[in-house]
Number of protein chains: 2
Amino acid sequence: MPASIDFYFDFSSPYGYLASTQIDALAAKHGRTVTWHPFLLGVAFKTTGQRPLPEQPIRGPYHVRDFDRSARLLGVPFKMPEPFPFPSLAACRAFYWLDDRDEPKAKALAKALYHAAFGEGRDVRAVDAVAAIAKPLGIDPAALKAACDDPGIKDKLRLAVDAAISRGVFGSPFIIVDKEPFWGHDRLDQIDRWLATGGW
Amino acid sequence: MPASIDFYFDFSSPYGYLASTQIDALAAKHGRTVTWHPFLLGVAFKTTGQRPLPEQPIRGPYHVRDFDRSARLLGVPFKMPEPFPFPSLAACRAFYWLDDRDEPKAKALAKALYHAAFGEGRDVRAVDAVAAIAKPLGIDPAALKAACDDPGIKDKLRLAVDAAISRGVFGSPFIIVDKEPFWGHDRLDQIDRWLATGGW
């Protein structure tokens with residue numbers, strides 16, 4: 001059975017959101033599955049020296065325009081949240097807690113969080129906000145909130161972030177197909193071709 | 001007659017080279033022409049706070065791989081020059097000198113310089129190297145060398161760089177279609193669609 005595709009993303013990344021609406025269907029087209037890996041882009045930035053886009057003159061305004069234009073092209077809803085970027089610790093911890101127990105549900109939660117943050121522009125920073133989004137998926141809010149305070153879950157996230165950076169992940173989305181790394185939602189066409197041909 | 005497409009690039013930019021092999025044909029497909037604008041990305045970096053890719057941990061090695069992979073996908077020759085990135089003052093000045101006199105020939109020189117630098121991995125920094133590449137195109141080497149020392153041509157390049165940054169150009173390639181800005185050779189598909197539809 002071919003290896004799963006690794007999908008790295010930060011919940012505060014608009015391009016990660018765009019990729020999240022496409023990646024499972026793209027993989028399925030080629031008989032592949034996707035393993036989702038939320039991480040903290042801000043930690044990677046400490047290694048690479050990058051700064052969040054809104055802090056970058058000229059580049060920041062361009063990207064706001066590009067987020068929206070790229071979303072329109074894909075036909076997915078898009079609304080920038082405030083603040084942006086935002087810390088996504090609670091979202092990540094809730095994901096990794098659930099991922100141990102029920103991977104499809106963890107993925108459903110990630111999709112719901114992304115939709116809330118960038119499809120509806122909602123504030124998903126607080127653990128209460130994450131729990132409220134999780135509840136309709138049949139996830140117990142109290143258990144989720146407890147998990148976000150669990151030192152074991154906090155460690156799990158730290159290890160996941162370190163593992164991502166060790167694999168060379170420096171942006172969001174970052175997708176690894178059979179050891180071949182692709183950065184950016186604008187590489188989905190290349191990934192499609194790579195999966196079809198095994199490389200070029 | 002529809003407006004020309006503005007193509008901004010740095011001669012030291014691999015992605016600019018990749019776009020340079022495609023942009024005229026892409027525009028022609030839609031009955032459009034392209035105005036080429038070499039500029040100095042390093043000056044834009046002073047505004048945006050970016051650094052050259054080789055200086056960026058993790059990001060640098062990824063991009064070397066991506067340059068090569070993207071070139072293979074397009075089927076164009078690719079070889080990294082040493083050093084990289086490199087100062088392209090002579091190439092830019094030669095271009096703007098020629099552009100005043102013979103725009104098609106200036107564009108032919110730009111293509112020859114890009115091919116030498118990234119198709120063959122040659123060092124095109126020195127004015128002598130630029131003149132040697134220009135000579136087979138029927139461009140007088142002595143006149144080119146004199147132009148590169150001409151204060152009027154130096155000023156012309158400075159004004160071109162300032163004008164690019166004033167228009168929001170921060171990367172290479174950067175393409176403006178009817179006031180709509182697109183950054184990156186990976187936006188050529190979007191540009192194709194924009195030209196076909198007038199936007200979305």
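These figures come from a predicted structure and were not determined experimentally.
- B/Ile153 and B/Leu113 fall within the same hydrophobic cluster, where Ile, Leu, Val, Met, Phe, Trp and Tyr residues are linked whenever their side-chain heavy atoms come under 4.5 Å apart, directly or through other members.
- Shown here for A/Gly49 and B/Arg51, the closest heavy-atom pair between the two residues is CA-NH2, 3.9 Å.
- Hydrophobic clustering (ILVMFWY, side-chain heavy atoms < 4.5 Å, transitive): A/Tyr15 and A/Val34 are in one cluster.
- The CZ atom of A/Phe174 sits 9.0 Å away from the CD1 atom of B/Ile58 when rounded to the nearest 0.5 Å.
- Separation of atoms CZ (B/Arg69) and CD (A/Gln190) is listed at 5.5 Å; rounding is to 0.5 Å.
- Summarising the geometry of B/Gln56 relative to A/Thr48, their closest heavy-atom pair is CB-O, 4.3 Å, with the distance given to 0.1 Å.
- With values rounded to the nearest 0.5 angstrom, B/Arg65 atom CZ is found 15.5 Å from A/Trp183 atom CH2.
- Taking hydrophobic clusters as Ile, Leu, Val, Met, Phe, Trp and Tyr residues chained together by side-chain heavy-atom distances below 4.5 Å, A/Ile191 shares a cluster with A/Trp200.
- Taking a 6.0 Å sphere around CZ of B/Arg72, one finds it holds more than 12 heavy atoms contributed by other residues, nucleotides or ligands.
- B/Leu74 and A/Phe182 are not part of a single hydrophobic cluster, where members link through side-chain heavy atoms under 4.5 Å apart.
- The residue among A/Leu73, A/Asp189, A/Asp186 with the most heavy atom pairs within less than 4.5 Å of chain B is A/Leu73.
- For chain B, the option among A/Pro61, A/Pro57, A/Pro181 with the highest count of heavy-atom pairs below 4.5 Å is A/Pro181.
- Within the 4.5 angstrom heavy-atom criterion, atoms from both the backbone and the side chain of A/Glu180 approach chain B.
- Note on B/Met80 and B/Leu18: same hydrophobic cluster, where clusters join Ile, Leu, Val, Met, Phe, Trp and Tyr whose side-chain heavy atoms are under 4.5 Å apart, directly or indirectly.
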